[in-house]
Each structure stands twice: as C-alpha cells, then as structure tokens.
Peer 1: 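There's a structure below that I have some questions on.
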Amino acid sequence: MSETIEIRMLESLGQISEAEWDACACPETVDGGRPYDPFTTWRFLHALEASGSVGPRTGWDPRYLAAYLGDLLIGVAPLYAKGHSQGEYIFDHNWAHAYERAGGRYYPKLQIAVPFTPATGRRFLCKPDFQDTAQSALMQGAIQIAEQNGLSGVHATFCTEDEIETGAALGLMPRKSQQYHWQNDGYASFDAFLADLSSRKRKNIRKERERAQAFGGDIQVLTGDAIRPEHWDSFWRFYQDTGSRKWGSPYLTRAFFNIAQDTLRNDMVLVLATRDGRDVAGALNFVGRDTIYGRYWGCTEDHPCLHFELCYYQAIDWAIRHGLDRVEAGAQGDHKLARGYMPTVTHSLHWLTDPGLARAVQQFLIAEAAAVDEEIDVLTDYGPFRKIDMEEQQ
C-alpha cells in the first residue's frame with residue numbers, strides 16, 4: 001500500500017529551513033549556480049515576510065503549503081490568504097464584484113503566487129523525483145483547504161505550462177494573459193540585436209539611447225557588493241513616487257530593501273542615473289539563471305527617454321553580456337513592443353467553490369483566451385523586427 005502524502009500549512013517560513021524549502025524551489029542550485037526563479041527562493045519570500053511587506057494587515061496572509069511523504073518533504077507552495085486582489089497582476093475584480101452583487105463573499109480567497117511579482121515560474125515547487133505526485137497533491141490540498149474553510153476559491157498566477165496541464169486535468173480552469181518579453185537570439189552585442197530590426201525602429205532606438213545618455217549625468221549598473229546601503233535610500237525615494245502613483249501606496253516596505261541588501265544583492269541588478277552628485281532615477285532588476293526580470297522603476301527628475309534606457313535597453317545589454325536567454329519586463333506596457341519586447345502568453349489557474357460562478361467564469365475564460373491569441377498575432381505582426389520580404393524598405 002502506498003504511503004499517504006500529508007499536506008501541512010505553515011504560517012511562517014520560520015517553520016521550515018532555507019535548505020528544505022530551496023531543495024524544492026530551486027534544486028538546480030546544487031551546482032552552485034543561480035536559481036532559475038529568484039522569486040520563489042526562501043530568501044526572497046522570507047524578505048517579504050520579515051519586512052512586513054506581507055502579513056495579516058497587508059491582505060497577503062502567509063499560509064505556505066508543504067507536502068510530506070512520511071518524514072520526507074517533497075514539495076512546497078507559496079500560498080497566501082488574500083483579503084483583496086491587489087498586487088496580483090491577473091485581474092479578477094469583475095469576478096469579485098459580480099459574486100458579491102449576487103450575495104456571495106469573494107474574499108478571503110487563496111492565492112498561490114509570488115506577491116507583487118508578475119514573473120512566470122513554478123508555483124508548485126517539487127523535488128525532481130516527486131514532480132507529478134507532489135504537484136497534484138499540493139493543488140488538491142489547496143482546494144481542500146478552500147472547501148473546508150468556506151473560501152471562494154484558489155488562484156495560481158504566472159505558473160508554467162506544465163502546471164497548467166496538471167491543473168486542468170484536476171478540474172482547475174486555465175487562463176491566458178499576455179506580457180512583453182525580449183528574446184536573445186544569440187546576439188553578440190546590442191548592435192547585433194538592432195541589426196534584426198527594421199531600419200526605422202533601429203534608428204528610433206539609437207536616437208532614444210542618445211537622448212537618454214545626454215541627460216547630463218552618468219549611468220551605473222550595480223550588482224552584488226557594488227550595491228551599497230546608501231543606494232537603497234535613493235531607490236526608496238524612486239519606488240515611493242512610482243508606488244504612490246500606480247497603486248496608491250507602495251507594496252514593499254523600506255525594511256524590504258534593508259533585508260535585500262543583506263540577502264538578495266547577488267540576485268539583483270540596480271541601474272542608477274546620477275546627475276550633479278545625486279541619484280535622479282533608477283531601475284531594479286532581479287536575475288535568474290537564464291532570465292533578467294525588470295521589476296521597479298522610479299525617478300525624481302524627468303529626462304527624455306531615460307525610462308526606456310534604464311528599464312529596457314540596459315536590461316537587454318545585461319542579458320547579452322551575460323548570455324541570458326530573455327528579459328521579462330513585467331506587466332502591461334504596449335510601448336515595449338517598439339523596443340524589441342514581443343508579446344508572450346502567460347498562464348494562471350483558477351478554481352472556484354460556487355458552481356454558478358465557476359460556470360460563468362469558465363465561459364469568460366474561453367472567450368478571453370481567443371481574444372488573447374488574436375491580440376498576440378496582431379501585435380506580433382506589428383513588431384519591430386525586419387520582415388524577410390520587406391527587409392529595409394522603411
């Protein structure tokens with residue numbers, strides 16, 4: 001008789017060791033290299049928790065899942081009880097409004113995600129030898145918790161295609177969304193990348209870079225020990241300004257950046273623009289084994305094209321120099337298309353307790369998926385890359 005898998009719920013990462021969690025989240029780091037996904041590592045998720053960026057008063061209440069086969073940990077998942085739908089980047093506000101107008105209670109719900117981080121990666125983190133078994137057990141465990149506690153549903157966002165297949169087989173509803181990613185086609189330099197673009201787009205990017213570089217100061221690209229505590233004073237000012245305009249208040253606390261200085265600086269690339277001895281703009285990236293992830297931008301001075309340079313072109317430069325496969329530039333932003341970032345499908349999984357709501361959402365998701373596919377086809381045709389039959393006509 002096979003041994004039963006036990007699902008345990010943890011209210012803090014302090015209840016599990018870093019080595020245990022990372023053996024599931026990033027087993028590839030056994031060779032000493034980077035994790036594929038820096039955001040599901042124990043150190044990143046713990047920084048969110050320890051800094052108070054997530055917790056009971058934030059609407060992101062940790063309820064991490066751990067799957068055990070006997071005494072052996074075989075899988076974990078970053079699960080949160082959510083009191084709202086902020087910081088997710090896969091929008092279900094309309095579902096919540098419709099359900100509550102019908103007399104239901106949409107919140108709290110369960111969210112399997114990396115808070116405030118629209119980056120694709122595994123959400124059901126399993127040891128390699130137990131991938132199928134643990135993945136299914138974690139999904140079913142989350143559904144059971146929702147049912148037993150009268151919660152509206154379970155949502156896993158920015159998950160992998162493999163997880164979509166497993167989830168769909170278990171009755172979860174797949175959802176398609178779209179982001180803009182830059183792909184490295186083995187470019188030897190930024191100019192080699194530009195050579196793949198139409199003449200007009202190539203000239204436009206060169207002009208933007210020239211305008212940005214003429215802002216009257218210097219641009220620094222910092223990582224590891226080159227990032228100093230005082231740099232976070234500057235970046236905190238930038239982040240507060242952007243956060244207050246986009247979300248009403250910043251998601252991350254100041255303490256997160258203090259912890260990041262101690263435990264995450266090797267996972268980050270900080271691009272700063274400095275003028276007259278003062279940092280005036282910055283962009284924060286995280287680095288995985290094959291991807292650089294653009295996360296946050298802010299400024300205290302406006303300069304033409306500086307946003308494009310710090311956020312998009314410097315990230316491409318970094319990826320080329322370090323042989324990374326792609327740049328994920330975060331959620332939304334049609335302006336990324338003209339700068340070489342192409343539309344890419346992202347995925348999520350949803351399970352809803354109420355059968356009526358589930359049927360309505362399922363119909364919506366079918367129509368939405370078709371619309372996403374059509375939009376990606378149209379946007380791809382409008383991309384900046386040269387068309388073989390019309391090369392350099394512009």
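Residues take their numbers from the sequence shown, with the count starting at 1.
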Peer 1: When you compare the side chains of Gln183 and His181, does any donor N or O come within less than 3.5 Å of an acceptor on the partner?
Peer 2: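 No, His181 and Gln183 have no side-chain donor paired with an acceptor closer than 3.5 Å.
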Peer 1: Between Trp42 and His46, how do the two ring planes meet: parallel, tilted or perpendicular, split at 30° and 60°?
Peer 2: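 Aromatic pair Trp42/His46 classed parallel.
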Peer 1: Who are the ring-ring contact (aromatic ring centres under 6.0 Å, His included) partners of Phe286, not counting sequence neighbours?
Peer 2: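 Partners of Phe286 under the ring-ring contact (aromatic ring centres under 6.0 Å, His included) test: Phe39, Phe44.
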Peer 1: Should Ile219 and Ile292 be counted in the same cluster of Ile, Leu, Val, Met, Phe, Trp and Tyr side chains packed under 4.5 Å apart?
Peer 2: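 Result: yes, single cluster for both.
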Peer 1: Consider salt bridge (charged side-chain N to carboxylate O under 4.0 Å, His left out). Of Arg122, Arg123, Arg289, which one does Asp37 pass it with?
Peer 2: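 Per the salt bridge (charged side-chain N to carboxylate O under 4.0 Å, His left out) rule, the option paired with Asp37 is Arg123, out of Arg122, Arg123, Arg289.
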Peer 1: Under 4.5 Å side-chain heavy-atom separation, chaining through any Ile, Leu, Val, Met, Phe, Trp or Tyr, what else clusters with Met173? Say none if it is isolated.
Peer 2: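 Members besides Met173, by chain and number: Trp95, Tyr99, Tyr106, Tyr107, Leu352, Leu357, Val361, Phe364, Leu365.
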Peer 1: Any salt bridge between Glu28 and Arg34, counting N to O under 4.0 Å?
Peer 2: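 Judged by the 4.0 Å cut-off on N to carboxylate O distance, Glu28 and Arg34 do not form a salt bridge.
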Peer 1: Does any donor atom in the side chain of Arg200 or Asn204 lie under 3.5 Å from an acceptor atom in the other side chain?
Peer 2: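 Judged by distance alone, the side chains do not pair up.
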Peer 1: Are Asp233 and Arg254 ion-paired here, with the side-chain N under 4.0 Å from a carboxylate O?
Peer 2: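 Answer for the salt bridge query: yes.
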Peer 1: Could you tell me whether the side chains of Tyr187 and Asp196 share a donor-acceptor contact shorter than 3.5 Å?
Peer 2: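 Short answer, yes.
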Peer 1: State, with a plain yes or no, whether a side-chain heavy atom of Gln179 is found less than 4.5 Å away from one of Pro343.
Peer 2: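 SC-SC contact between Gln179 and Pro343 ruled out.
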Peer 1: Tell me whether Arg326 is salt-bridged to Asp185, with the criterion being a basic N under 4.0 Å from an acidic carboxylate O.
Peer 2: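 Salt bridge: no.
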Peer 1: Among all residues two or more places apart in sequence or in another chain, which pass the salt bridge (Lys or Arg N to Asp or Glu O under 4.0 Å) test with Arg63?
Peer 2: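 Once residues adjacent in sequence are excluded, the partners of Arg63 under the salt bridge (Lys or Arg N to Asp or Glu O under 4.0 Å) criterion are Asp61.
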Peer 1: With rounding to the nearest 0.5 angstrom, report the CD to CG distance, Gln140 to Leu170.
Peer 2: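 Output value for this atom pair is 5.0 Å.
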Peer 1: Among pairs that include at least one residue of residues 126-171, which meet ring pair (Phe, Tyr, Trp, His ring centres under 6.0 Å), considering only residues two or more places apart or in two chains?
Peer 2: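 Residue pairs with at least one partner in residues 126-171: His155-His350.
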Peer 1: Would Ile5 and Tyr68 satisfy side chain to side chain contact (heavy atoms under 4.5 Å, CB included), going step by step from the backbone distance to the final call?
Peer 2: CA-CA 6 Å; Ile5 296 176; Tyr68 284 87; over 6 Å; no
Peer 1: Are Leu45 and Leu110 connected into the same hydrophobic cluster when the rule is that any two of I, L, V, M, F, W, Y join if their side-chain heavy atoms are below 4.5 Å apart?
Peer 2: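 Looking at the clustering, Leu45 is in a separate group from Leu110.
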Peer 1: Side chain to side chain contact (heavy atoms under 4.5 Å, CB included), that's the test. Do Tyr312 and His307 meet it? Break it down for me.
Peer 2: CA-CA 8 Å; Tyr312 307 137; His307 170 252; 3.3 Å; yes
Peer 1: Starting at CG of Leu79, measure out to CD1 of Ile7 and round the result to the nearest 0.5 Å.
Peer 2: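 Nearest 0.5 Å value for the CG-CD1 distance: 11.0 Å.
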Peer 1: Let me check something: any side-chain donor-acceptor pairs from residues 273-283 under 3.5 Å, sequence neighbours excluded? List them with distances.
Peer 2:
{"residue": "Thr274", "atom": "OG1", "partner": "Gln220", "partner atom": "NE2", "Å": "3.4"}
{"residue": "Thr274", "atom": "OG1", "partner": "Asp279", "partner atom": "OD1", "Å": "2.7"}
{"residue": "Arg275", "atom": "NE", "partner": "Glu301", "partner atom": "OE1", "Å": "3.0"}
{"residue": "Arg275", "atom": "NH2", "partner": "Glu301", "partner atom": "OE1", "Å": "3.0"}
{"residue": "Arg275", "atom": "NH2", "partner": "Glu301", "partner atom": "OE2", "Å": "3.2"}
{"residue": "Arg278", "atom": "NH2", "partner": "Glu301", "partner atom": "OE2", "Å": "2.7"}
{"residue": "Asp279", "atom": "OD2", "partner": "Ser234", "partner atom": "OG", "Å": "2.7"}

Peer 1: Would you mind reporting whether Leu194 and Arg206 have side-chain heavy atoms less than 4.5 Å apart?
Peer 2: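 Yes. Closest side-chain heavy atoms under 4.5 Å.
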Peer 1: Can you name the residues that form a side chain to side chain donor-acceptor pair (under 3.5 Å) with Glu6, not counting sequence neighbours?
Peer 2: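 Side chain to side chain donor-acceptor pair (under 3.5 Å) check on Glu6 returns Arg8.
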Peer 1: Can you check ring pair (Phe, Tyr, Trp, His ring centres under 6.0 Å) on Trp60 and Phe116, steps first, answer last?
Peer 2: CA-CA 10 Å; Trp60 289 84; Phe116 329 123; 5.4 Å; yes
Peer 1: Going by side-chain contact (heavy atoms from CB on, under 4.5 Å), name the residues that satisfy it together with Ala47, two or more places apart in sequence or in a different chain.
Peer 2: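 Ala47 satisfies side-chain contact (heavy atoms from CB on, under 4.5 Å) with Phe256, Ile259, Leu264 only.
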Peer 1: Hey, is Lys127 close enough to Glu20 for a salt bridge, meaning N to O under 4.0 Å?
Peer 2: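 No salt bridge links Lys127 with Glu20.
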Peer 1: Checking side-chain polar atoms at under 3.5 Å, does Thr166 have a donor or acceptor matched by the opposite partner on Gln135?
Peer 2: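 Side chains of Thr166 and Gln135: pair found under 3.5 Å.
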Peer 1: Applying side chain to side chain contact (heavy atoms under 4.5 Å, CB included), run through Arg211 and Phe308 and close with a yes or a no.
Peer 2: CA-CA 10 Å; Arg211 292 189 72 190; Phe308 301 144; over 6 Å; no
Peer 1: Test Tyr80 against Tyr64 for side chain to side chain contact (heavy atoms under 4.5 Å, CB included), laying out the working first.
Peer 2: CA-CA 7 Å; Tyr80 299 84; Tyr64 312 103; 3.6 Å; yes
Peer 1: A quick test of your reading: do over 12 heavy atoms of other residues, nucleotides or ligands sit less than 6.0 Å from CG of Asp302?
Peer 2: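 No, the 6.0 Å shell around CG holds no more than 12 heavy atoms from other groups.
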Peer 1: Mind checking what makes ring-ring contact (aromatic ring centres under 6.0 Å, His included) contact with His231, not counting sequence neighbours?
Peer 2: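 Checked His231 against ring-ring contact (aromatic ring centres under 6.0 Å, His included); zero matches.
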Peer 1: Evaluate the side-chain proximity of Leu73 to Ile16: yes if any heavy-atom separation is below 4.5 Å, no if none is.
Peer 2: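 Answer yes - side chains close enough.
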Peer 1: Can you name the residues that form a ring-ring contact (aromatic ring centres under 6.0 Å, His included) with His322, not counting sequence neighbours?
Peer 2: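 Checked His322 against ring-ring contact (aromatic ring centres under 6.0 Å, His included); matches are Trp318.
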Peer 1: What's the spacing between Ile112 CD1 and Glu163 CD if we round to 0.5 Å?
Peer 2: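 Rounded to the nearest 0.5 Å, the CD1-CD separation comes out at 9.0 Å.
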Peer 1: Hey, could you give me the CD1/CG distance between Ile227 and Leu284, rounded to the nearest 0.5 Å?
Peer 2: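 One gets 7.5 Å once the value is rounded to the nearest 0.5 Å.
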Peer 1: Between Leu125 and Trp21, what is the shortest heavy-atom contact and its length?
Peer 2: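 Leu125 and Trp21 have their closest heavy atoms at CD1-CZ2, 3.9 Å.
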Peer 1: Is it possible for you to say whether Leu172 and Leu138 belong to one hydrophobic cluster, with membership spreading through side-chain heavy-atom contacts below 4.5 Å?
Peer 2: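 Yes.
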Peer 1: Are Ile205 and Leu310 co-members of a hydrophobic cluster defined by side-chain heavy atoms under 4.5 Å apart?
Peer 2: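 Shared cluster, yes.
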Peer 1: Test ring pair (Phe, Tyr, Trp, His ring centres under 6.0 Å) on Trp182 and Phe193 and set out the steps.
Peer 2: CA-CA 10 Å; Trp182 178 86; Phe193 153 61; 5.6 Å; yes
Peer 1: Looking only at the side chains, is there a donor atom on one of Glu49 and Ser12 sitting less than 3.5 Å from an acceptor on the other?
Peer 2: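 On atom types as modelled, these side chains qualify, holding a pair under 3.5 Å.
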Peer 1: How many angstroms lie between atom CD of Glu230 and atom CD of Gln261, to the nearest 0.5 angstrom?
Peer 2: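 Answer for the CD-CD pair, Glu230 versus Gln261, is 8.0 Å.
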Peer 1: Using the ring pair (Phe, Tyr, Trp, His ring centres under 6.0 Å) rule, collect all pairs that involve residues 199-223, keeping only residues at least two apart or in two chains.
Peer 2: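 For residues 199-223: Phe215-His303.
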Peer 1: Could you tell me whether the side chain of Tyr180 reaches within less than 4.5 Å of the side chain of Arg339, counting heavy atoms only?
Peer 2: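 Counting from C-beta outward, Arg339 and Tyr180 never come under 4.5 Å.
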Peer 1: Are Leu324 and Phe190 linked, directly or through other ILVMFWY residues, by side chains that come within less than 4.5 angstrom of each other?
Peer 2: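 The answer is yes; both residues are in one hydrophobic cluster.
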Peer 1: Taking side chain to side chain donor-acceptor pair (under 3.5 Å) as the test, write out the residues that go with Gln314, two or more places apart.
Peer 2: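 Applying side chain to side chain donor-acceptor pair (under 3.5 Å) to Gln314 gives Glu309.
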Peer 1: Run the salt-bridge test on Asp92 and Arg175 with the 4.0 Å N-O cut-off and return the result as yes or no.
Peer 2: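 Salt bridge between Asp92 and Arg175, a charged N being under 4.0 Å from a carboxylate O: no.
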Peer 1: Side chains of residues 369-377: which donor-acceptor pairs under 3.5 Å do they make with residues two or more places apart or in other chains?
Peer 2:
{"residue": "Asp373", "atom": "OD1", "partner": "Lys176", "partner atom": "NZ", "Å": "2.9"}
{"residue": "Asp373", "atom": "OD2", "partner": "Lys176", "partner atom": "NZ", "Å": "3.1"}

Peer 1: For residues Phe238 and Trp297, determine if any side-chain heavy atom of one lies less than 4.5 Å from a side-chain heavy atom of the other.
Peer 2: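 Result no, sub-4.5 Å side-chain heavy-atom pair not found.
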Peer 1: How long is the straight-line distance from OG1 of Thr120 back to CD of Glu161, given to the nearest 0.5 Å?
Peer 2: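 Separation between the atoms: 9.5 Å.
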